[in-house]
Amino acid sequence: MNSKFCALGLTLLTGLSASAQQVNDNNTPLHLMRPANQQRYGIPTTEQVKQTMDRVLYYIDGQTPAVLVDKKTGREVTRMKDIDENTQLKQGGFRLTSYEWGVTYSGVLAAYEATGDEAYHDYVYKRHRLLADMAPWFEKVYQKHKTIDVNVRRVIDPHALDDAGAVATSMIKVLLKDPTAPLRERVDHYTDYILNKEYRLADGTFARLRPQKNTVWLDDMFMGVPAVAWLGKLTGDDKYYDEAARQVVQFAQRMWVKEDGLFRHGWVEAMQPHPAFYWGRANGWALLTMCEVLDVLPASHALRPQILDLLQAHIQGLARRQHHDGFWHQLLNRSDTYLEASATAIYTYCIAHAINQGWVDAKAYGPVALLGWQAVNQSVNEQGQVENVCVGTGMGFDAAFYAYRPVHVMAAHGYGPTIWAGAEIIRLLQRQHPKMNDSAVQFYDEDVPTNEPIFNYDGKIRY
């Protein structure tokens, strides 16, 4: 290759050439220089996206054993009939029965659909099957002893939407693909809690009695509503669609702040004014709920246009607040709070999904989704751990409560959204072929060889 051309490529890559002072806009296409970003930038390949997803999958597979053990001896319990008061799920880094893992199951199912990789299929089916198979046996133990390991108790005796909704939704998705899967009894058990036992306001909106009486948490949109909507898809009964759509609208009436294009985290019936802290992950739960509901709500449903308008307005509000490195802040309207990965992953999935479904403009929001993926990708370390994730968080009444929440790689909230985001970005790349910006060169690889030029004068990419 021409040595003069190589030298020019090195100059633009590193800025360290001895002849750098001679370079100017008359003799060098300076607009093709590598950006000064501290992380990858541009359009990834589907292979690059899947490599990141695979690292996460292999990590969580090792951290979430689908095994029962005797808590006294540590020995594996292999036969369901041997389950007794000493049996529990083997402890790993994460909990197979939590709402975070309900999100993970849905994300991994989406990854299987996007990639066809059986490893994703097997991960979900193995754990779903264990939960379904063990439940009747643990119910007998629970009835007799009145106490049981909390991770098992969530499956057989849900106490909150957190215990029921996300896992139920993932199971319904499996049943819609494979009606023979032995999950219907668990789905009916979970959704019975959601529909008939969860605390509500006078108008039927899901609510809690903490931190004050009649408090609405934005989180509960996701913890309860998608399962109801997907139950409509499973059963064909319109009453479930009506209930899910009504819940979305009633949450929005209390939580949506139109002038900011964001949702407040909490609403307290007895407070005036209501708290208005725009917590990142809670806004993610709201956006994800609308995506999940719109995926199954019939086109003719009377409330569908209203929910779609709300989704579009929310995405517009979020896009305005994206950090230039692709992340969103812990408090969305406070740039002095840290950049947080779980909310970023949820938004990335939802925005890419909205594009793929034709709900928002690919030209306007494709770059937002791809920039979000770059931030998510940057948060996955070599072990497959997701960094920069806020730990579990209740509802607060001052900015410090949110701003100083810890982050940790064992915060379970980042794993499902990361895989889910990757799956949808793959679909985006396959279907939309997005072009991010007006530039002849799009960078992504960090490891471009420094002994090769990165462009031609005609703007053609060289690697």
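Predicted, not measured: the structure shown is a model, and the values here were computed from it. Residue numbers start at 1 and run along the sequence shown. Side-chain atoms are counted along with the backbone in the values below, which use heavy atoms only and exclude waters and symmetry mates.
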Check whether the side chains of Arg405 and Thr393 place a donor and an acceptor atom closer than 3.5 Å, and report yes or no.
yes
Lys173 bridged to Glu292 by N-O distance under 4.0 Å
yes
Which atoms form the tightest heavy-atom contact between Leu370 and Pro44, and what is the distance?
CD2-CD, 4.1 Å
For residues Gln247 and Glu243, is any side-chain donor paired with an opposing acceptor at under 3.5 Å?
yes
Over 60° means perpendicular and under 30° means parallel, so classify the ring planes of Tyr415 and Trp101, tilted if in between.
tilted
Is any side-chain heavy atom of Gln48 less than 4.5 Å from a side-chain heavy atom of Leu429?
no
What's the spacing between Met171 CE and Leu176 CG if we round to 0.5 Å?
14.0 Å
More than 12 heavy atoms of other groups within 6.0 Å of Arg55 CZ
yes
Pick from Phe397, Phe263, Trp256, Trp267: which one makes a ring pair (Phe, Tyr, Trp, His ring centres under 6.0 Å) with His274?
Trp267
Quick check: does any side chain N or O of Arg264 sit under 3.5 Å from a backbone N or O of Arg254, one acting as donor and the other as acceptor?
yes
Mind checking whether Val248 and Met221 have side chains closer than 4.5 Å, heavy atoms only?
yes
Salt bridge or not for Glu100 and Arg95, using N-O below 4.0 Å?
yes
Taking all non-hydrogen atoms of both residues, which atom of Cys350 and which atom of Leu287 are closest, and how far apart?
CB-CD2, 3.4 Å
Tell me if the centroids of the rings in His265 and Phe277 come within less than 6.0 Å of each other.
no
Taking all non-hydrogen atoms of both residues into account, name the closest pair between Met395 and Pro275 and its distance.
CE-CG, 4.1 Å
Does the pair Glu47/Lys50 count as a salt bridge with the N-to-O cut at 4.0 Å?
no
Can you tell me if Arg304 uses its side chain to pair, donor with acceptor, with the backbone of Ser300 under 3.5 Å?
no
Arg281 and Cys390: side-chain contact (heavy atoms from CB on, under 4.5 Å), yes or no, with the steps?
CA-CA 9 Å; Arg281 189 157 66 229; Cys390 174; 3.8 Å; yes
Do Val391 and Val407 come within less than 4.5 Å of each other through their side chains, counting heavy atoms only?
no
Does Phe401 offer a backbone N or O that forms a donor-acceptor pair with the side chain of Asp398 under 3.5 Å?
yes
Side-chain (Thr205) to main-chain (Gln250) donor-acceptor, under 3.5 angstrom:
no
Does any non-hydrogen side-chain atom of Tyr112 lie less than 4.5 Å from one of Asp117?
no
Is it the case that the side chains of Asp242 and His301 hold a donor-acceptor pair, with the cut-off being a distance below 3.5 Å and no angle test?
yes
Considering only heavy atoms from C-beta outward, does the side chain of Leu89 approach that of Val67 to under 4.5 Å?
no
Taking Asp61 for its side chain and Leu57 for its backbone only, find out whether a donor-acceptor pair lies under 3.5 Å.
no
Test item: Thr64 side-chain N/O and Gly62 main-chain N/O as donor-acceptor pair under 3.5 Å
no
In Å, rounded to the nearest 0.5 Å, how long is the span from CG of Leu262 to CG of Leu218?
10.5 Å
Phe206 vs Met223, test: side-chain contact (heavy atoms from CB on, under 4.5 Å). Steps then yes/no.
CA-CA 10 Å; Phe206 295 138; Met223 303 306 161; over 6 Å; no
Inspect the surroundings of CD in Gln91 and state if more than 12 heavy atoms from other residues, nucleotides or ligands are less than 6.0 Å away.
no
Does NZ or CZ of Arg127 come closer than 6.0 Å to the centre of the six-membered ring of Tyr123, within 45° of the ring's axis?
yes
Any side-chain donor near an acceptor of the partner, His314 and Tyr347, under 3.5 Å
no
Validation row, ring centre Tyr338 to ring centre His323 under 6.0 Å
no
Minimal non-hydrogen separation, Val225 against Ala244, with atom names:
CG1-O, 3.5 Å
Heavy-atom donor-acceptor pair, Asp162 side chain to Tyr99 backbone, under 3.5 Å
no
The single option from Trp279, Tyr278, Tyr402 that satisfies side-chain hydrogen bond (donor to acceptor under 3.5 Å, both in side chains) with Gln330 is Trp279
Could you go through the side-chain contact (heavy atoms from CB on, under 4.5 Å) check for Leu310 and Gln306 one step at a time?
CA-CA 6 Å; Leu310 184 61; Gln306 187 174 345; 6.0 Å; no
With His353, which residues qualify under ring pair (Phe, Tyr, Trp, His ring centres under 6.0 Å), at least two apart?
Tyr349, Trp359
Taking the side chain as every heavy atom from C-beta outward, state whether Asp220 and Phe251 have any pair of such atoms under 4.5 Å apart.
yes
Counting only N and O atoms by type, is there a donor-acceptor contact under 3.5 Å from the side chain of Thr97 to the main-chain atoms of Asn151?
yes
Short side-chain donor-acceptor distance under 3.5 Å, Asp54 and Tyr59:
no
Side-chain contact test, heavy atoms from C-beta onward, threshold under 4.5 Å: evaluate it for Val228 versus Thr191 and give yes or no.
no
Measuring from His121:NE2 to Glu113:CD, what's the distance to the nearest 0.5 Å?
10.5 Å
Considering non-hydrogen atoms only, spot the tightest contact between Met255 and Trp217 and give its length.
CE-C, 3.9 Å
For the pair Thr215 and Arg210, evaluate side-chain contact (heavy atoms from CB on, under 4.5 Å) and give the outcome as yes or no after the intermediate values.
CA-CA 6 Å; Thr215 296; Arg210 64 180 178 92; over 6 Å; no
Separation between CD (Gln374) and CG (Asp325), nearest 0.5 Å, reads 9.5 Å
Supply the atom-to-atom distance Arg431 CZ to Asn356 CG, rounded to the nearest 0.5 angstrom.
5.5 Å
Is it the case that the ring center of His128 lies less than 6.0 angstrom away from the ring center of Tyr105?
yes
Without swapping roles, check the side chain of Arg186 against the backbone of Val155 for a donor-acceptor pair under 3.5 Å.
yes
Hydrogens and angles aside, do Ser342 and Glu340 bring a side-chain donor and acceptor to less than 3.5 Å of each other?
yes
Does the Thr344 side chain pair with the main chain of Phe327, one donor and one acceptor, at a distance under 3.5 Å?
no
In this structure, CG of Asp163 is separated from CZ of Arg154 (nearest 0.5 Å) by 5.5 Å
What are the two closest heavy atoms between Ala181 and Val174, and how far apart are they?
CB-CG1, 3.9 Å
Heavy-atom distance under 4.5 Å between the side chains of Val368 and Ile315, does that happen here?
no
